[in-house]
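Working notes, structure below.
These numbers were taken from a predicted model, which means no experiment stands behind them.
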Amino acid sequence: MKLKVCGNLLPEQVNAFDELGVSLAGFNFYPSSPRYIRQKISPEKMKQLKGKYARVGIFVNARFDELVRTVEDYRLDMVQLSGDETPQYCEKIADFISVIKVFRLTGKENLEPMTIPYKNVCDFYMFDTTGSGFGSTGKKFDWDILQKYPPSKPYILSGGIDPADVEKLEKFQKGPAAAKLFALDLNSRFEMSAGVKDMKKLKTFIEELNKA
């Protein structure tokens with residue numbers, strides 16, 4: 001199982017991801033986010049980052065031309081669509097780059113009618129907690145919904161995963177939903193402030209998860 005660390009703002013922290021075993025690094029291009037990358041990391045700085053991790057750009061209802069330009073400027077490997085993007089929009093994006101489509105859950109949904117329209121127009125699903133706006137809420141949804149309706153496509157599990165969740169994640173991986181679990185998304189529960197990761201917490205969590 002891979003690890004995705006999202007909402008990064010400090011190049012020196014991102015440069016340490018290979019050593020930690022992080023496979024995907026998320027960079028937020030949503031202007032309303034407190035982790036908005038353009039204020040901290042320019043395209044030139046991004047090109048200087050070191051590591052084998054995939055660079056994931058997070059977008060919310062972005063204009064197609066703006067997204068394409070950002071992908072090229074920042075040399076992104078994947079995009080995460082966290083807004084109300086339609087299947088048609090996702091398909092258009094998926095023609096030139098890998099797409100993660102985010103679904104925000106309360107924990108009471110039937111996943112199939114929600115995800116089926118996107119099944120053939122994205123590469124991965126991502127499940128997060130619904131909130132008043134877009135982006136990470138740092139809150140958990142009931143992961144049992146994924147066991148009840150196991151996703152039919154590789155997916156990323158989000159929703160307030162925190163350093164104390166190792167045992168819960170170990171149990172989750174024994175259920176039917178584990179078959180398509182591609183990665184865990186780590187964000188606000190591993191931060192000292194928005195965009196500034198607590199590297200000690202990350203390291204400890206990853207070590208404990210690998211032992212589980």
Side-chain angles (χ1 to χ4, degrees), residues 3-17 22-49 51 53-86 89-90 93 97-106 118 122-141 155-163 183-199 201-202:
L3 293 173
K4 172 176 174 283
V5 177
C6 204
N8 302 286
L9 291 178
L10 299 183
E12 62 270 25
Q13 293 190 337
V14 178
N15 284 337
F17 282 175
V22 174
S23 300
L24 302 101
F27 302 94
N28 202 312
F29 292 92
Y30 179 42
S32 296
S33 171
R35 301 170 184 84
Y36 184 48
I37 186 178
R38 289 187 188 275
Q39 300 170 349
K40 298 290 184 180
I41 302 178
S42 66
E44 291 70 29
K45 281 187 178 180
M46 178 73 95
K47 292 168 187 174
Q48 295 170 10
L49 296 182
Y53 50 81
R55 302 177 183 191
V56 184
I58 291 86
F59 297 88
V60 174
N61 300 330
R63 292 199 323 268
F64 177 78
D65 58 337
E66 176 189 332
L67 186 149
V68 170
R69 186 167 56 251
T70 302
V71 166
E72 294 173 348
D73 288 347
Y74 279 84
R75 296 185 181 177
L76 301 177
D77 302 301
M78 307 172 74
V79 296
Q80 175 181 312
L81 303 179
S82 298
D84 299 318
E85 296 85 4
T86 64
Y89 180 91
C90 292
I93 299 298
I97 192 170
S98 296
V99 171
I100 302 166
K101 181 66 187 90
V102 177
F103 299 92
R104 302 186 301 279
L105 308 177
T106 64
Y118 293 87
C122 68
D123 299 277
F124 303 95
Y125 297 150
M126 179 168 159
F127 299 106
D128 201 352
T129 310
T130 192
S132 58
F134 298 103
S136 175
T137 65
K139 299 178 181 178
K140 285 182 170 59
F141 66 89
Y155 70 95
I156 298 170
L157 180 64
S158 187
I161 295 172
D162 66 45
L184 300 179
D185 183 81
L186 311 179
N187 196 348
S188 59
R189 298 294 183 95
F190 292 85
E191 288 186 330
M192 302 173 73
S193 61
V196 179
K197 307 307 175 187
D198 187 325
M199 301 300 280
K201 273 187 182 180
L202 269 176

Test item: [X] side-chain N/O and [Y] main-chain N/O as donor-acceptor pair under 3.5 Å:
{"X": "T86", "Y": "Y89", "answer": "yes"}
{"X": "D128", "Y": "G159", "answer": "yes"}
{"X": "Q13", "Y": "K197", "answer": "yes"}
{"X": "R75", "Y": "P43", "answer": "no"}
{"X": "Q80", "Y": "G57", "answer": "no"}
{"X": "K140", "Y": "G160", "answer": "yes"}
{"X": "D77", "Y": "R55", "answer": "yes"}
{"X": "N28", "Y": "I37", "answer": "no"}

How far apart are the C-alpha atoms of Y74 and F29, what are their side-chain angles, what is the distance that settles it, and do they pass the ring-ring contact (aromatic ring centres under 6.0 Å, His included) test? CA-CA 11 Å; Y74 279 84; F29 292 92; 4.9 Å; yes

Identify the heavy atoms of [X] and [Y] that sit nearest to each other, and give their distance.
{"X": "V79", "Y": "V56", "result": "C-CG1, 4.3 Å"}
{"X": "D123", "Y": "S98", "result": "OD2-CA, 3.1 Å"}
{"X": "L24", "Y": "A183", "result": "CD1-CB, 4.3 Å"}
{"X": "A54", "Y": "M78", "result": "CB-SD, 4.2 Å"}
{"X": "A16", "Y": "M199", "result": "CB-CE, 3.9 Å"}
{"X": "F17", "Y": "N8", "result": "CZ-OD1, 3.2 Å"}

What distance do [X] atom [atom1] and [Y] atom [atom2] have between them, rounded to the nearest 0.5 Å?
{"X": "E66", "Y": "R69", "atom1": "CD", "atom2": "CZ", "result": "6.5 Å"}
{"X": "D185", "Y": "M126", "atom1": "CG", "atom2": "CE", "result": "3.5 Å"}
{"X": "R38", "Y": "S33", "atom1": "CZ", "atom2": "OG", "result": "13.0 Å"}
{"X": "S193", "Y": "D198", "atom1": "OG", "atom2": "CG", "result": "10.5 Å"}
{"X": "K47", "Y": "D73", "atom1": "NZ", "atom2": "CG", "result": "7.0 Å"}
{"X": "F59", "Y": "E85", "atom1": "CZ", "atom2": "CD", "result": "10.5 Å"}

Partner of Y155 under ring pair (Phe, Tyr, Trp, His ring centres under 6.0 Å), picked from F103, Y118, Y125, F127, is F127

Using a 4.5 Å cut-off on heavy atoms from C-beta on, say whether the side chain of [Y] contacts that of [X].
{"X": "L49", "Y": "N15", "value": "yes"}
{"X": "L67", "Y": "L81", "value": "yes"}
{"X": "S158", "Y": "N187", "value": "no"}

